[in-house]
Amino acid sequence: MVLRRLPEINNPANKKLENAGMEIHKKLQEMGMPALAASKIKHYGVFWLKKIWRFMLEAKEMAPTGASVLKIKNLFAVRQKINGGAALAEEINSGENENKTEQDFLASIQKEPKNYLHYDNLGKFYLSRGQFGDAKDIYLYLTAHASGNPDYWARLGFASFRLKDFTQASTAYKKSLDLDSSHANRYYNLAQSYKALGEIEAAKASIKKALQMDSQNFKFLELLGRLNDAN
């Protein structure tokens with residue numbers, strides 16, 4: 001498999017994730033694929049434009065905070081899906097790509113090696129099939145090249161949690177929330193990661209943020225109850 005057995009980076013807070021990007025390029029080149037390093041200039045330009053726009057909205061008290069975003073979603077009955085069996089709440093939906101095979105995704109990468117969407121689609125394909133090691137490799141690559149995308153960090157957190165790498169899971173979920181605090185489920189996932197590490201107070205702080213956004217969510221309330229009982 002093209003992305004299998006890449007060197008893992010267990011602590012992105014202390015090690016450069018760019019190493020993952022270099023390794024994946026080498027691996028793809030060995031398979032005869034045109035894996036060229038994508039320019040980061042466009043990505044960072046778009047990222048900072050969004051940051052500046054959000055700053056302007058905040059200055060006018062118009063910024064969509066996490067709580068208000070969730071209220072709007074609830075108003076239109078848009079609920080995030082719960083992925084069962086993982087002890088996490090994360091949307092892993094391949095959508096229109098669900099009938100594609102791994103080779104289809106690899107062919108798309110070969111055709112457009114600078115298009116991050118193809119890598120993300122392959123990563124979601126792996127996640128939906130429980131291939132968490134392969135998914136982790138993909139999202140290590142994506143977070144190295146597009147570090148301003150909160151979804152990539154969240155999916156790295158999900159894959160890492162399923163691989164029982166709770167340190168990386170917590171780091172990845174925290175980074176995702178630093179970039180976009182509008183996802184109550186990701187605060188829940190971060191709390192689960194902290195709980196697995198035995199960091200109960202940090203887990204409580206995270207689940208309380210989730211409850212501020214969705215105070216009647218039974219899954220959130222149940223976790224807070226278990227955390228209180230752990231003391």
Side-chain angles (χ1 to χ4, degrees), residues 8-13 17 64-67 69-71 73-74 78-95 120 123-140 142-143 146-230:
E8 294 185 357
I9 298 177
N10 293 321
N11 191 343
L17 288 177
T65 63
V69 168
L70 195 67
K71 287 178 181 178
K73 287 183 177 180
N74 289 339
V78 178
R79 289 285 186 176
Q80 290 188 329
K81 295 181 179 180
I82 301 299
N83 186 284
L88 294 184
E90 184 64 41
E91 184 174 2
I92 307 298
N93 183 6
S94 58
D120 185 31
K124 289 187 288 186
F125 171 86
Y126 287 144
L127 287 175
S128 67
R129 283 157 180 77
Q131 296 174 235
F132 300 114
D134 291 325
K136 181 180 177 182
D137 291 334
I138 289 289
Y139 290 108
L140 281 172
L142 286 172
T143 52
S147 60
N149 188 310
D151 293 339
Y152 297 163
W153 285 104
R155 289 167 194 150
L156 174 59
F158 183 84
S160 298
F161 188 95
R162 291 304 302 268
L163 292 168
K164 301 187 185 302
D165 186 350
F166 303 121
T167 297
Q168 185 162 69
S170 62
T171 301
Y173 273 119
K174 186 176 185 304
K175 180 66 175 179
S176 175
L177 287 163
D178 286 343
L179 292 167
D180 180 2
S181 62
S182 67
H183 294 267
N185 279 336
R186 291 178 185 172
Y187 279 111
Y188 171 84
N189 295 346
L190 177 59
Q192 289 282 21
S193 300
Y194 281 139
K195 179 178 179 292
L197 290 169
E199 299 180 21
I200 303 302
E201 293 305 316
K204 283 184 183 181
S206 184
I207 197 61
K208 286 177 181 177
K209 288 182 179 179
L211 283 165
Q212 287 175 3
M213 300 166 69
D214 190 356
S215 61
Q216 302 303 312
N217 188 301
F218 176 80
K219 200 176 187 76
F220 299 170
L221 291 167
E222 189 271 339
L223 176 57
L224 180 59
R226 286 191 286 121
L227 291 170
N228 287 331
D229 291 341

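Throughout, numbering of the chain's residues begins at 1 and tracks the sequence.
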Closest heavy-atom contact between [X] and [Y]?
X      : Y      : answer
Ala191 : Leu223 : CB-CD2, 3.9 Å
Ile207 : Phe220 : CG1-O, 3.6 Å
Ala135 : Leu127 : CB-CD2, 3.5 Å
Gly157 : Tyr173 : C-CE1, 3.5 Å
Asn217 : Leu211 : O-CD2, 4.4 Å
Thr143 : Tyr139 : OG1-O, 2.7 Å

I'd like to know if Arg186 pairs up with Asp151 as an ion pair, taking the criterion as any Lys NZ or Arg NE/NH1/NH2 lying under 4.0 Å from an Asp or Glu carboxylate oxygen.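 Salt bridge flag = yes for Asp151 with Arg186.
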Carboxylate-amine/guanidinium proximity below 4.0 Å for Asp120 and Arg155: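 Answer for the salt bridge query: yes.
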[atom1] of [X] to [atom2] of [Y]: how many Å apart, nearest 0.5 Å?
X      : Y      : atom1 : atom2 : answer
Ser215 : Leu221 : OG    : CG    : 7.5 Å
Ser176 : Leu190 : OG    : CG    : 9.5 Å
Leu227 : Gln192 : CG    : CD    : 8.0 Å
Ser147 : Leu142 : OG    : CG    : 11.0 Å
Tyr194 : Ile200 : OH    : CD1   : 12.5 Å
Asp137 : Tyr126 : CG    : OH    : 8.5 Å

Could you tell me if the side chain of Ile138 sits less than 4.5 Å from the side chain of Asp134, heavy atoms only? no
Contact check, side chains of Lys136 and Gln168, non-hydrogen atoms, under 4.5 Å: yes
For Phe161 and Phe166, I'd like to know if the aromatic rings sit close, meaning centre-to-centre distance below 6.0 Å. yes
Mark yes or no for whether [X], through its side chain, and [Y], through its backbone, hold a donor-acceptor pair below 3.5 Å.
X      : Y      : answer
Ser160 : Leu156 : yes
Thr171 : Thr167 : yes
Ser128 : Phe125 : yes

Check the pair Glu199 / Lys195 against salt bridge (charged side-chain N to carboxylate O under 4.0 Å, His left out), numbers first and verdict last. CA-CA 6 Å; Glu199 299 180 21; Lys195 179 178 179 292; over 6 Å; no
Please indicate whether Lys204 has more than 12 foreign heavy atoms, meaning atoms of other residues, nucleotides or ligands, lying under 6.0 Å from its NZ. yes
Could you go through the side chain to side chain contact (heavy atoms under 4.5 Å, CB included) check for Tyr187 and Gln212 one step at a time? CA-CA 11 Å; Tyr187 279 111; Gln212 287 175 3; over 6 Å; no
